Amino acid sequence: MYKAKAYSAASSTAPLASTVIQRREPTERDVQIEILYCGICHSDLHTVRDEWQSVMPTIYPCVPGHEIVGRVTKVGSAVTKFKAGDLAGVGCLVDSDHTCPSCKADLEQFCGNATFTYNSPDKHLGGVTYGGYSDSIVVDEHFVLRVPANLELAGVAPLLCAGITTYSPIHRWGDIKGKKVGVVGLGGLGHMGVKFAKAFGAHVVVFTTSPGKKEDALRLGADEVIISTDAEQMKQHAGTFNFILDTIAADHDLNAYINMLGLEGNITLVGAPDKPLALSSFALLFGRRSVSGSLIGGLAETQEMLDFCGKHNITSDVEIIPIQRVNEAYERLVKSDVKYRFSIDMASLKSE
Ligand code: NAP
Ligand code: ZN
């Protein structure tokens, strides 16, 4: 074991603060990574504040962070994909059982024995896993992604969660070219959803509660912007969408968005509010519409997404912050004041 610098929360009400954690020495299949940037996902905030208590209670101290990009410092003897000096990425998963039907189908995110990057039982050290708000991490090579060399690293980090979480459902939907696609909420996930839907040729419409984000939405690739609090604008588009991606992190009126769908339209939820959303059967019955959910993506699909981003020069629009400003960033996240992902420059941890 060795010591790594990190930021952790001691309880659901404590701010994140500097700490030292234990990491394992790399085993023969492990890759040790010096973390250069880590994105701040709203899931980090939900977890740190124990907002998902009823589904996934938080074990403290909690070191969040699952949008990790860095440089390989050491590899185990059986590692074939990486060598010291390579760029590497780690997302929400660090282990799974490799034997279940989900793992065999490259859907490791649905493995019953999956180990998530933080707040998950740590098979090596006991306790729970610690995430990317740290200067280094040690991960089984199967869960380490190759990073295209042409992309700016601060903006690559968020691809590891916000990127794959939006790429996967949009890509899976089918041929989206020319279809009317809605993205609800212009935050970390939403702005990536806009970029991918646009890259796949859709007619992209952003639903936002923040009128001030309209210009940015258009710059990011949206063809139209609807201010969702304006009933008249909502009415004009009712019944016209083929597919909607809902990224809202808080309670909201789901039925208002279902009513935007046309015949057999689908709304896929990726946002994870702590409380259940009310669902009107009538909104689904009229138009044979459907609601579904999507969770990140498997490792193969995550690599495919990163390669796609390399080819099309897609990264996240980030506000780079030192780790000392992480608590302030959380407050801004709650207020939907993020443009459009915070990316922590981990060099700032050296001074702690
Ligand atoms: P974020 O950056 O905070 O963005 C969420 C956006 O939702 C906000 O910017 C805001 O956009 C909108 N919003 C927030 N509160 C709202 C409210 N009360 N009513 C209407 N709109 C509201 O969050 P994120 O990191 O993108 O994450 C979004 C959600 O996805 C979180 O719940 C997160 O835990 C979840 N998530 C799920 C997965 C998965 O695999 N399914 C992966 C990662 C994250 P506007 O200002 O444009 O309205
Ligand atoms: Zn995330």
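We count ligands from 1, going down the list as the structure has it; atoms in each ligand are counted the same way. All values derive from a computational prediction rather than experimental measurement.
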*Closest heavy-atom contact between Y257 and S228?*
OH-CB, 3.3 Å
_Atom of Y37, atom of A157 and distance for their closest heavy-atom approach_ = O-CB, 4.0 Å
Does [X] use its side chain to pair, donor to acceptor, with the backbone of [Y] at less than 3.5 Å?
X    : Y    : result
K339 : V318 : no
Y60  : V48  : yes
R146 : Q303 : no

_For R71, give me all partners under salt bridge (charged side-chain N to carboxylate O under 4.0 Å, His left out), at least two apart in sequence or on another chain._
none
*What residues come within 4.0 Å of ligand 1, counting heavy atoms only?*
C41, H42, S43, H46, W52, C161, T165, G185, L186, G187, G188, L189, T208, T209, S210, K213, T247, I248, A249, A250, D251, V270, G271, A272, S294, L295, I296, L333, S336, V338, R341
*With under 30° as parallel and over 60° as perpendicular, where do the rings of H42 and H46 fit, or are they tilted in between?*
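Because their plane-to-plane angle lies in the 30° to 60° range, the rings of H42 and H46 count as tilted.
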*Looking at the rings of H66 and F116, which for Trp means the six-membered one, are their centres under 6.0 Å apart?*
no
*Output, by chain and residue number, all protein N/O/S atoms separated from the Zn ion (ligand 2) by less than 2.8 Å.*
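Result, waters dropped: C41 SG, H66 NE2, C161 SG.
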*Which pairs pass ring pair (Phe, Tyr, Trp, His ring centres under 6.0 Å) with one or both residues in residues 308-351, sequence neighbours excluded?*
Y167-F308, H191-Y340, F200-F308, F308-H312
